[in-house]
Amino acid sequence: MNKAIKKHVAVVFAIVAAVALFTAGCVTGNKGGRRAAADAQGDNRYITRAMGFPLDGSDVSPDSADRYRLAQDHFIIALDYERRGLHEAAFELYEIAYDFWPRSGFLRKTVADEYVRRNEYDRALTLFSAVKLSDLTADELRTLSLIYQRLGNIEKAAEAMEALGSERSEEEIYALALLYESMGRKDKAMKSFRDFFAGSPRSAGFGVKMAMFSVGERRLADAESLAVILRSLYPDNAEIAALLGTVKYLGRDTAAAIPLFDEALRLDSLNEEALRTLAHIRLVKEQYPEAISLYERLTALGPVAAVYKRGLAFLLFHAKEYAAAEKIFDELLTGEGDGKDVVGKPELYLYRGLVYAQTKRTDKAAAEFRAALALDPRYEEAWKELCYMYIMAKDKEKANRAVDEYIAAFPNSAQGWRFRGYVLNMREKHEEAIVALKKATEIDPADYFSWFEIGSILEKRKRIDEAAVAFRNVLRIHPEDAQAANYLGYMWAEAGVMLDSAKILIEIALKKEPNNGAYLDSYAWVFYRMGDYEKALHYMNKALEQDGVHNDPVPYEHIGDIYFKLSDYKAAEDAYKRSLELKTEDAKRIRERLVEIKNLMRGKKGQ
């Protein structure tokens, strides 16, 4: 709005105001008119004070008197418009009033606030351009700081906030600290944070909440800065010690986190954050007794005790403390009510079933798995455990029925078809087993276990090339899988083919497990097939030094064959006899070889 229009509007509004006052006098009579005039005078004195005008205008120079009165009149009319809900018209009058009397901080702030509300930050800033910070009121400084923040000028925003001095509220002290931090002025940020947290007893809890918010946003550096300040101010606060421990842990500094959690628990033995996170650390480190102890303390936390009781029961199960786990599962299932509330209950039945399965109570385990499925027929984990239990127990009939039910419920489950392959293989229906296992790999081409089982079945049926394809798929999925590498390498060595590749594969396995007796046996056998009997003997002796091979007839067969090639017939005879004692599957060949050795040894004596 230009100056000419504003002056025209000023005259119009002045007339309107005069008419309004005159009408009030006419309607109420002289006495009422005098009262209205007196009220208006009282209002004017209040308004004059609020606007920052001289109370009676006595300090206004004669040259400015007209502008002063016009500003006052427009302000009074603007207030009336605002009371009547005519906000846009009121704002235009505030602008006119400010143009007439820019010395009024109240009018400056009123107009600036409206510009801010309209996102017209540059226009708002021009209102303060000719005014020193020291001449602004506290409210004006707050508005100015907000304007600079919205314009992205953080340094100027901080400068305006600084000018508030002792009039800064707690929240403004905290906001100033954040501004300093974003500017990289760490020392000033730390001082403001300290001022904030030292200013109120409730600030410790607020600080923890703010830090946890930063943790949730993954702003760990911000959270740690705040936690360090809080800890310096409240060194004996368990919640703050636990907070700093959490930040360190999430920042992968477990070594620094553990003492902080320990300190939190020294200050408060039932600090939930410290107990929960420290228990998780102990679990990751497989320190089960320590983790169990921490979970036992968590179960004393009142309303959340049931949640941790479940966790304790699962932990006891995985620590193989089955009796203790069973007791808690019994308590939880007994306390779950009449079964109407099934949330989480299928999992409890599942785990109690697992406890029974691990302690060889197969029928009771099956009943628990069925109970879980009765509550949730789509609970696939229960189907898996039921089938797996029967397969491991070699109960062909029950396993077969359970697998049929599983596939009926989940026809596109790779694991269901794999289990069918296992059961068919147990029943010696090898071709059907291969078909089922291939169905599993069609559903999930990365099904490692199905490919491995296919390779194993084909190898036993001497279909070496097909078996090699299956094991190559296993190694495609897990390129450094020691078991598959050894299996394929030994299969080739046994067949006397691909010996260089077989050697490489078995070396992959030995790199993972250098003291594995079975892998060393395979490696020795590759050298035997290559005709390097001395190396074969070296590795076979090394294999027989390992645990777990002394009850296996195959290594004794192998070392017997190696000694035979080296013409050490007595050692070969001893090895072959040991393999017979261990019930070798190749007994016919071994007996024939023993006869051959006896003849050779007689021949030597006769020479």
Side-chain angles (χ1 to χ4, degrees), residues 380-381 383-385 387-388 390-392 394 396 399-400 402-404 406-407 409-514 516-526 529-530 552 554:
E380 188 173 1
E381 195 64 31
W383 284 117
K384 290 177 185 178
E385 294 299 342
C387 295
Y388 183 74
Y390 286 137
I391 290 167
M392 293 304 293
K394 294 184 168 48
K396 300 174 189 176
N400 192 53
V403 168
D404 285 346
Y406 180 10
I407 291 176
F410 293 92
N412 294 316
S413 167
Q415 188 153 359
W417 285 98
R418 186 199 319 145
F419 282 160
R420 174 164 281 175
Y422 290 163
V423 173
L424 288 166
N425 195 32
M426 284 166 55
R427 299 171 71 189
E428 298 186 7
K429 296 184 176 182
H430 305 300
E431 294 304 321
E432 292 179 49
I434 291 169
V435 170
L437 291 163
K438 285 186 175 178
K439 171 74 172 176
T441 63
E442 288 170 10
I443 295 169
D444 179 9
D447 185 348
Y448 162 94
F449 297 103
S450 290
W451 282 118
F452 200 105
E453 187 74 1
I454 291 168
S456 178
I457 294 170
L458 290 168
E459 184 270 333
K460 286 181 174 64
R461 299 180 72 76
K462 307 301 180 186
R463 290 158 62 177
I464 303 302
D465 292 341
E466 293 176 78
V469 171
F471 284 117
R472 282 196 180 103
N473 275 305
V474 171
L475 291 168
R476 171 181 57 81
I477 297 162
H478 294 302
E480 295 186 3
D481 185 276
Q483 190 177 5
N486 175 69
Y487 206 125
L488 180 55
Y490 178 73
M491 184 179 74
W492 278 336
E494 183 72 1
V497 299
M498 305 284 288
L499 294 177
D500 290 332
S501 297
K503 182 172 175 287
I504 291 168
L505 284 168
I506 297 167
E507 283 170 351
I508 290 170
L510 283 168
K511 187 177 179 181
K512 283 288 187 80
E513 299 179 46
N516 185 300
Y519 300 168
L520 287 164
D521 173 84
S522 299
Y523 201 47
W525 203 238
V526 170
R529 292 298 194 189
M530 288 177 167
D552 184 352
V554 174

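Treat the numbers as computed from the prediction; the structure is a model and nothing was measured.
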Atom [atom1] of [X] with >12 non-hydrogen neighbours under 6.0 angstrom:
X    : atom1 : answer
F410 : CZ    : yes
Y406 : OH    : yes
E480 : CD    : no

Under 4.0 Å between a side-chain nitrogen and a carboxylate oxygen: does that hold for E507 and K503?
yes
salt_bridge(R461, E431) N-O dist < 4.0 Å
yes
To the nearest 0.5 Å, what is the distance between [atom1] on [X] and [atom2] on [Y]?
X    : Y    : atom1 : atom2 : answer
M491 : M498 : CE    : CE    : 9.5 Å
W383 : I407 : CH2   : CD1   : 11.0 Å
L458 : D465 : CG    : CG    : 10.5 Å
D521 : I506 : CG    : CD1   : 9.0 Å
I454 : N473 : CD1   : CG    : 8.5 Å
K396 : I391 : NZ    : CD1   : 13.0 Å

Contact check, side chains of [X] and [Y], non-hydrogen atoms, under 4.5 Å:
X    : Y    : result
Q483 : F471 : no
Y390 : V403 : no
N400 : R427 : yes

State, to 0.1 Å, how close [X] and [Y] come at their nearest heavy-atom pair, and which atoms those are.
X    : Y    : result
D481 : Y448 : OD2-OH, 2.8 Å
A433 : I457 : CB-CD1, 4.1 Å
L505 : L475 : CD2-CD1, 3.7 Å
A493 : L499 : CA-CD2, 3.8 Å
L510 : N516 : CD2-O, 4.5 Å
K512 : A482 : CB-CB, 4.0 Å

Main-chain N/O of [Y] paired with [X] side-chain donor or acceptor, under 3.5 Å:
X    : Y    : result
D444 : A440 : no
W451 : V469 : no
W417 : P411 : yes

Is there a side-chain contact (heavy atoms from CB on, under 4.5 Å) between I464 and W492? Walk through the geometry before answering.
CA-CA 8 Å; I464 303 302; W492 278 336; 4.2 Å; yes
With S456, which of K460, E459, E453 fulfils side-chain hydrogen bond (donor to acceptor under 3.5 Å, both in side chains)?
K460
Working note: D404 + R420, criterion side-chain contact (heavy atoms from CB on, under 4.5 Å); need CA distance, chi angles, decisive distance, verdict.
CA-CA 8 Å; D404 285 346; R420 174 164 281 175; 2.4 Å; yes
